[in-house]
Asks: 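My structure is below; once you've seen it, I'll send some questions.
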There are 2 protein chains.
Amino acid sequence: MTRVLAVDDDPSLRRALAINLRARQYEVDLAEDGASALAAAARRPPDVVVLDLGLPDMDGSDVIRGLRGWTQVPIVVLSARAGQGDKVDALDAGADDYVTKPFGMDELLARLRAAVRRGIAGEEAPVVDTASFTVDLAAKEVRTASGEHVRLTPTEWHLLEVLTRNEGKLVPQRQLLQEVWGPQYETETNYLRVYMAQLRRKLEQNPAQPRHLITEPGMGYRLVR
Amino acid sequence: MTRVLAVDDDPSLRRALAINLRARQYEVDLAEDGASALAAAARRPPDVVVLDLGLPDMDGSDVIRGLRGWTQVPIVVLSARAGQGDKVDALDAGADDYVTKPFGMDELLARLRAAVRRGIAGEEAPVVDTASFTVDLAAKEVRTASGEHVRLTPTEWHLLEVLTRNEGKLVPQRQLLQEVWGPQYETETNYLRVYMAQLRRKLEQNPAQPRHLITEPGMGYRLVR
DNA sequence: CCGGCGCGTAAAGAACGCGTCAAAGTCGCC
DNA sequence: GGCGACTTTGACGCGTTCTTTACGCGCCGG
């Protein structure tokens, strides 16, 4: 059963959330402020968190950072209709989605389902294998189709790791550069060219015509099975 | 139940709208001018707004901006005047779609359904598929109906992305140019013609008679399923 | 009936991005 | 201190993409 931790200082909204969620077979924990939310999450790790930003004791973004310190649980934020500043802050702090008050219960439930789906999908998939090679993210290991171990340098691995975690998706050049080399290298696209070439030489059967490490000109790269 | 706010100064048209909409299980609020429309929307937030541009007290675009200040509710505009200027203004101000008077009730209802669907779907719509092709916004990938990958250039993709995010809705030329090429290219409508032609060649089964990438002469383009 | 406007199409040169190679620079380890 | 592995940097050729211009057509208004 899916466990939801719902955090809001308004008792009537807490009650409404609890009733609606339990009616849909969620297991519900409640908290009325940031401190007890963090405590509750630590005591019984939830599968998804619904968090009101307007808590009496702590800033919402700080609650998010407190959770993100040790868990990747999906967080859906509730906010009164005020400015967008706190929304941006919350997303930057690591929230997954955002619902503005007043909201329809249907909408919140839809967002919750989506968040849970993403969360569960995220935990599995440490291994991705293609026709030519297999990437084991947990073991940090790459093997060819014939089972031989492939030696990668740290940078090569890091690049391949980002592509693997986004398997099938196009990863923008900027994101790759930022995650592998850091934010100040966002424009050094030639790094990508050099290292993609090295990865292809080690992993592709025909490096000149790559089948899995695909260039999308002008946009980024993509790992396809 | 879906709530519609219908705004028109003509009492007989208000009545006709109310009867037709209620017959189709919509909950209907009525307003006869801009000020009371804004007040009604604030009192009971609607799921979709039908707005006549020819109101006695306010310019239609100002009503739209008044709503857009705090809500993303879909707005379908009714326009009587032959001129296109006010329609373009309304779309630029944030309207979602428009219907020209005199209109068939069927057409209005179809536009309403499309607008409501978009509104509810909200931010969760990473995949849009038509009879001819499928657009995956998250993966930045386009496939034909037969499943083949379609290669798009960055500009082609960017243009298609904007249209896809506004699926079903008429997107003004100005908005497309601004989002794809930047604010200083707002008048270069020939860019749109060139790139729409390229997209049609790659995506439409019969590029000469596009079924999904539709031109709305003088105003903009629309992606329909 | 004619003229103008907007749209679709085609084609050209210019600009850009990518893959490749080679060499210089950096770091840690023996 | 020297050696090897890894990373960074620069240059070049080639194919692709973007930009710009020109022309023909259809529709609408005069």
Side-chain angles (χ1 to χ4, degrees), chain A residues 140 142 150-161 163 170-174 176-182 184-204 206-222, chain B residues 81-85 87-88 91 100 140 142 149-161 163 170-174 176-177 179-182 184-222:
Chain A
K140 289 196 195 266
V142 188
V150 182
R151 245 189 77 81
L152 296 183
T153 73
T155 307
E156 288 164 1
W157 169 259
H158 203 168
L159 181 56
L160 179 62
E161 186 185 24
L163 288 168
L170 189 159
V171 188
Q173 297 172 341
R174 212 165 287 175
L176 289 170
L177 288 164
Q178 202 173 99
E179 293 202 32
V180 177
W181 282 272
Q184 63 272 41
Y185 292 81
E186 264 185 4
T187 58
E188 303 284 339
T189 57
N190 50 342
Y191 288 13
L192 290 178
R193 299 205 299 272
V194 170
Y195 276 87
M196 286 302 297
Q198 290 177 356
L199 280 177
R200 284 173 179 145
R201 224 174 300 138
K202 293 186 177 180
L203 300 177
E204 291 276 1
N206 180 2
Q209 292 177 7
R211 290 176 50 194
H212 305 107
L213 297 167
I214 304 299
T215 302
E216 302 274 359
M219 303 199 272
Y221 293 85
R222 183 197 307 270
Chain B
R81 296 175 222 166
Q84 295 188 332
K87 292 184 207 165
V88 175
L91 291 170
T100 305
K140 282 195 168 61
V142 186
H149 181 90
V150 182
R151 266 192 46 118
L152 297 184
T153 72
T155 308
E156 288 165 1
W157 169 260
H158 204 165
L159 181 56
L160 179 62
E161 187 184 25
L163 288 169
L170 171 50
V171 187
Q173 295 175 340
R174 212 168 298 173
L176 289 170
L177 288 164
E179 291 202 34
V180 177
W181 281 272
Q184 62 271 44
Y185 290 82
E186 265 185 5
T187 58
E188 303 284 337
T189 57
N190 51 337
Y191 287 13
L192 289 178
R193 298 205 301 273
V194 170
Y195 276 89
M196 286 302 297
Q198 289 178 355
L199 279 178
R200 284 173 179 147
R201 220 174 305 142
K202 292 186 177 181
L203 300 178
E204 291 276 2
Q205 312 205 329
N206 180 3
Q209 292 176 7
R211 290 174 50 194
H212 305 106
L213 297 166
I214 306 299
T215 302
E216 302 272 357
M219 308 215 249
Y221 293 84
R222 182 197 305 268

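Residue numbers start from 1 in every chain, and the chains themselves are labelled A, B, ... in the order their sequence lines are given, proteins ahead of strands.
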Asks: Apply side chain to side chain donor-acceptor pair (under 3.5 Å) to the pair B:T215 and B:R200, showing each step before the final yes or no.
Replies: CA-CA 11 Å; B:T215 302; B:R200 284 173 179 147; 2.7 Å; yes

Asks: Nearest-Å distance, CZ (A:R174) to P (C:dG17)?
Replies: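 To the nearest whole Å, that distance equals 12 Å.
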
Asks: In whole angstrom, give the distance that lies between atom CG of B:L159 and atom P of D:dC18.
Replies: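 Taking atom P of D:dC18 as the reference, CG of B:L159 is at 11 Å.
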
Asks: Which whole-number value in Å describes the distance from A:Q198 CD to D:dA5 C1'?
Replies: 11 Å

Asks: Given A:E156 and A:K202, is the salt bridge (Lys or Arg N to Asp or Glu O under 4.0 Å) satisfied, shown in steps?
Replies: CA-CA 10 Å; A:E156 288 164 1; A:K202 293 186 177 180; 2.8 Å; yes

Asks: Does atom CD (B:Q209) have a neighbourhood of more than 12 heavy atoms from anything else shown, all under 6.0 Å?
Replies: no

Asks: Hey, does the side chain of A:W181 come within less than 4.0 Å of D:dT7's phosphate (OP1/OP2), counting only N and O?
Replies: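 For A:W181, the contact criterion (side-chain N or O under 4.0 Å from OP1 or OP2 of D:dT7) is not met.
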
Asks: If you compare every side-chain N and O of B:T153 against the phosphate oxygens of D:dT16 (OP1, OP2), does one of them come in below 4.0 Å?
Replies: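 Answer is no, no contact under 4.0 Å.
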
Asks: Tell me whether the OP1 or OP2 atom of D:dT7 has a side-chain N or O from A:Y195 closer than 4.0 Å.
Replies: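 Checking D:dT7 against A:Y195, a side-chain N or O does come within under 4.0 Å of OP1 or OP2.
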
Asks: Check the distance between D:dC18's P and B:E188's CD and give it to me in whole angstrom.
Replies: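 Nearest whole value for this atom pair: 16 Å.
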
Asks: Would you kindly give the CG-to-C1' distance between B:L199 and D:dT17, to the nearest whole Å?
Replies: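 From B:L199 CG to D:dT17 C1': 14 Å.
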
Asks: Show me the protein contacts with nucleotides 4-11 of chain C, counting only N or O atoms at under 3.5 Å.
Replies:
residue, atom, partner, partner atom, Å
C:dC7, OP1, B:Q173, NE2, 3.1
C:dC7, OP1, B:G218, N, 2.8
C:dC7, OP2, B:Q173, NE2, 3.4
C:dG8, OP1, B:R200, NH1, 2.8
C:dG8, OP1, B:R200, NH2, 3.4
C:dG8, OP1, B:T215, OG1, 2.5
C:dG8, OP2, B:Y221, OH, 3.0
C:dG8, N7, B:R193, NE, 2.9

Asks: Would one find a side-chain N or O of A:T155 under 4.0 angstrom from OP1 or OP2 of D:dT7?
Replies: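 Checking D:dT7 against A:T155, a side-chain N or O does come within under 4.0 Å of OP1 or OP2.
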
Asks: Rounded to the Å, how far apart are A:L152 CG and D:dA5 P?
Replies: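 Checked: the CG to P distance equals 16 Å.
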
Asks: Does B:R222 have more than 12 heavy atoms from other residues, nucleotides or ligands lying within 6.0 Å of its CZ?
Replies: yes

Asks: Between B:W181 and B:Y195, is the ring centre distance below 6.0 Å?
Replies: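 Centroid separation for B:W181 and B:Y195: below 6.0 Å.
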
Asks: Rounded to whole Å, please give me the gap between CD in A:Q209 and C1' in C:dC18.
Replies: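 Checked: the CD to C1' distance equals 15 Å.
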
Asks: In this structure, how many angstroms lie between the C1' atom of D:dG15 and the CZ atom of B:R151, rounded?
Replies: 11 Å

Asks: So does B:L213 get a backbone contact from the side chain of B:E204, meaning a donor-acceptor N/O pair under 3.5 Å?
Replies: yes

Asks: For B:L160 versus B:V142, what's the shortest heavy-atom pair and its separation?
Replies: CD2-CG2, 3.8 Å

